[in-house]
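Heads up, the thing below is written out as structure tokens.
Sequential numbering from 1 along the given sequence is applied to the chain's residues.
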Amino acid sequence: MALSAAASAKREERLERRQTQILDAARVCVRAEGFHAASMSRIAAEAGMGVGHIYQYFDNKEAIMIALSECDFEEFMLHITRLGQGATLDLDALIDAFLGDIMWLLDHDRAALALEVMAESGRNPKVAELVLRVDREFRQAAGKIVETMIADLSQNDVDARVEMLLVMTRALLIHAGTHPVSDRKILADGFELALRGVLSSPAPAGSRAAALR
């Protein structure tokens, strides 16, 4: 029984290693060529494997692309969920943590791949379902952050701030993917300004900001 368990564990380890090898190759191909131009033969060549060998681990190219998308989005959500779980009333500490976790989006290759995923979601229902799931998870985690930071907000105000956090994050991703030479420090400073606005208490009644609402 012990030998059987050990053999099973070895098989699982080998399976995960091969799948990771294929996904790493697919990531390189998608970044260079896009979802549709990244053929199975190109992925196989990048992975140093035969096409037939790849089919032992994934049913088709779509399965590879879905798995690749899930890996990257799950990594993204780990950052956001951690922020929601560790939300604090200290605005400066929360912003430092948010910037530390979100700034990894500024890696051009990572951002470019995420843009490919979002573009593919308009054509592929399975990818669209994944993107919608990530959006829901983001809203849940961001909602915890907003509700912890600012007391007595209406649900509409919470939702508006959460939606703005999602828009800001996506905008940062798009900018990083399309402007690889942008100054990261300037982007971080600008993102901090926007974060302070979203995560600060509402302006007092009668103020200019309140009058514009």
Nearest non-hydrogen partners of Val162 and Phe138, listed with the distance | O-CE2, 4.2 Å
Min side-chain heavy-atom separation Ile66-Glu62 under 4.5 Å | yes
Answer whether the closest heavy-atom distance between the side chains of Phe98 and Glu192 falls below 4.5 Å.
-> no
Ile64 side chain reached by Ile54 side chain, heavy atoms, under 4.5 Å = yes
Residue pair Ala44 / Gly50: nearest heavy atoms and the distance that separates them | CB-C, 4.0 Å
Transitively linked via ILVMFWY side-chain contacts under 4.5 Å: Met168 with Val131?
-> yes
Considering only heavy atoms from C-beta outward, does the side chain of Leu132 approach that of Ser121 to under 4.5 Å?
-> no
Measure the CD-CG distance between Gln21 and Leu23 for me, rounded to the nearest 0.5 Å.
-> 10.5 Å
Residue pair Asp24, Arg27: steps toward the side chain to side chain contact (heavy atoms under 4.5 Å, CB included) verdict | CA-CA 5 Å; Asp24 286 346; Arg27 182 176 285 105; 3.3 Å; yes
Measure the CG-CZ distance between Leu130 and Arg133 for me, rounded to the nearest 0.5 Å.
-> 5.0 Å
With the side chain counted from C-beta on, respond yes when Asp90 and Leu94 share a heavy-atom pair under 4.5 Å apart, and no when they do not.
-> no
Distance (rounded to the nearest 0.5 Å) between Leu91 CG and Met149 CE = 4.5 Å
Got a sec: does the CE of Met118 have more than 12 other heavy atoms crowding it under 6.0 Å?
-> yes
Here the pair of heavy atoms bringing Lys61 nearest to Ala38 is CD-O, 3.0 Å
Closest heavy-atom contact between Met49 and Tyr57?
-> CE-CE1, 4.1 Å
Could you pull out the closest heavy-atom pair between Asn124 and Lys126, with the gap in Å?
-> OD1-N, 2.9 Å
Could you list the residues that satisfy salt bridge (Lys or Arg N to Asp or Glu O under 4.0 Å) with Glu129, not counting sequence neighbours?
-> none
Only pairs at least two apart or in different chains count here, so list each ring-ring contact (aromatic ring centres under 6.0 Å, His included) that has a residue in residues 166-185.
-> His175-His179
Identify the heavy atoms of Ala114 and Leu173 that sit nearest to each other, and give their distance.
-> CB-CD2, 3.6 Å
Could you state whether Val28 and Phe58 fall into the same hydrophobic cluster, counting links through intermediate Ile, Leu, Val, Met, Phe, Trp or Tyr residues with side-chain heavy atoms under 4.5 angstrom apart?
-> no
Lys10 and Glu13: salt bridge (charged side-chain N to carboxylate O under 4.0 Å, His left out), yes or no, with the steps?
-> CA-CA 5 Å; Lys10 264 193 166 181; Glu13 182 182 348; over 6 Å; no
If you measure from CG on Leu187 to CG on Asp189, what distance do you get to the nearest 0.5 Å?
-> 9.0 Å
Are Ile43 and Met65 side-chain neighbours, meaning at least one heavy-atom pair lies under 4.5 Å?
-> yes
Output yes when Asp157 and Arg161 qualify as a salt bridge under the 4.0 Å nitrogen-oxygen rule, no when they do not.
-> no
Does some side-chain heavy atom of Asp135 sit less than 4.5 Å from a side-chain heavy atom of Arg170?
-> yes
Kindly check if the number of other-residue, nucleotide or ligand heavy atoms within 6.0 Å of CG (Asp183) is above 12?
-> yes
Rounded to the nearest 0.5 Å, the CG atom of Asp92 sits from the CG atom of Leu199 at a distance of 11.5 Å
Just how far is it from atom CG of Asn60 to atom CE of Met40, taken to the nearest 0.5 Å?
-> 7.0 Å
